[in-house]
Every structure is written in C-alpha cells, then in structure tokens.
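Numbers here simply count residues along the sequence, with the first being 1.
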Amino acid sequence: MHRIDLKTELNALGIPFALIGYPTKAPPYPYGIYLENIDVSGGDDAGRHRVVDHDVTIELYHKTDEGLFTACKILETWLDDLPLDYRREMTYIPEDDHLVASYTLNYTTKRKKG
C-alpha cells in the first residue's frame, strides 16, 4: 500500500480535519481531527528498504447522533474504498456536549532510502 496523505484525503471528504486539534475555535459540525504515529523497522543490509507501520486515529465530532452517523458514513465509505480495516468507538463528551466517533486503523508501507 502507498502512504496516505491524510490531510489532503480527509479534507477532500467535505469535512474539515486538522492534525491533533484546532489552534483556536473548532469549525462548525461535523469536523474531525487525526493523528498518525509511525514505527520504522527492517531493511536490507544497506538499509535501503524500510518497513513503515502507520497507526492512525481519526475522530469525528458532531452535536447530534444523526449528524454524526452521516459523517461516519462518509468516512467509512472512504476507508472501505482504500480498503483498510478499522475499529470505530463512539462516546459522548458531556463537558463539550458533543458526540465523538473515534476510528483506529493500521497499515504498512515500504520506504526506500534516498
């Protein structure tokens, strides 16, 4: 699989996304954030071909359950088209009075040195 440009591809879904969070006020619902952690390992003796494991978290926020499920459908259609396996967990944050759908997914790529 190729490396996913999360910023470009997520924002192309028509829902605003930011890396980790918004520096000021969040945009109107629905909106999302994402985070990507990588582990790099392996390679041949010269270190030219490396294995990169990507651990991605994507969160969607909305005020209503109907709005959140609509946003989830958009995101899940994109994930299914890649295709990537994922896990979705939903919760309510009373302090902010909104719902959150949190997705976790993993995928592996190879990287060439140089």
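- Grouping the Ile, Leu, Val, Met, Phe, Trp and Tyr side chains by contacts below 4.5 angstrom, directly or via other members, places Ile93 apart from Leu68.
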Please step through salt bridge (Lys or Arg N to Asp or Glu O under 4.0 Å) for the pair Arg3 and Glu36, ending with a clear verdict. CA-CA 11 Å; Arg3 184 178 191 286; Glu36 179 180 29; 2.8 Å; yes

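- A distance of 11.0 Å separates CG in Leu13 from OG1 in Thr8, rounded to the nearest 0.5 Å.
- When all heavy atoms of His98 and Tyr31 are compared, the closest pair comes out as CE1-OH, 3.5 Å.
- Contact record, Tyr107 with His2: CE1-O, 3.7 Å, taken as the closest heavy-atom pair.
- To the nearest 0.5 angstrom, Arg50 atom CZ is 10.0 Å from Ile38 atom CD1.
- Under the 4.5 Å side-chain contact rule for hydrophobic residues, Tyr22 and Leu99 do not share a cluster.
- Contact check for Leu60 versus Val100: no side-chain heavy atoms found under the 4.5 Å cut-off.
- With sequence neighbours excluded, no residue satisfies side-chain contact (heavy atoms from CB on, under 4.5 Å) with Asp85.
- Atom OH in Tyr61 sits 7.5 Å away from atom OG in Ser102 (nearest 0.5 Å).
- In the hydrophobic clustering of this structure, Ile33 does not group with Met90; members are Ile, Leu, Val, Met, Phe, Trp, Tyr whose side-chain heavy atoms approach within less than 4.5 Å, directly or through other members.
- Cluster membership for Ile4 and Ile74, using ILVMFWY side-chain heavy atoms within less than 4.5 angstrom, is shared.
- Expressed to the nearest 0.5 Å, how far CG of Asp81 lies from CD of Glu76 amounts to 12.0 Å.
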When you look at His54 and Thr108, which way does the side-chain hydrogen bond (donor to acceptor under 3.5 Å, both in side chains) test go after all the steps? CA-CA 6 Å; His54 304 261; Thr108 301; over 6 Å; no

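- Residues passing the side-chain hydrogen bond (donor to acceptor under 3.5 Å, both in side chains) test with Ser41, sequence neighbours excluded: none.
- Among all heavy-atom pairs drawn from Asn106 and Leu84, the shortest one is O-CD2, 4.4 Å.
- Under the side-chain contact (heavy atoms from CB on, under 4.5 Å) criterion, Ile58 pairs with Leu10, Phe17, Tyr34, Val56, Leu75, Trp78, Tyr103, Leu105, not counting sequence neighbours.
- For the pair Pro30 and Pro16, the tightest heavy-atom approach, listed with the atom from each and the gap, is O-CD, 3.4 Å.
- Heavy atoms only, all atoms of each residue included: Gly32 and Ile15 are closest at N-CG2, 4.3 Å.
- Ring-plane geometry between Tyr29 and His62 is classed as tilted, the angle between the planes lying from 30 to 60 degrees on a 0 to 90 degree scale.
- Lys63 places a side-chain N or O within 3.5 Å of a backbone atom of Asp97 that can act as its donor or acceptor partner.
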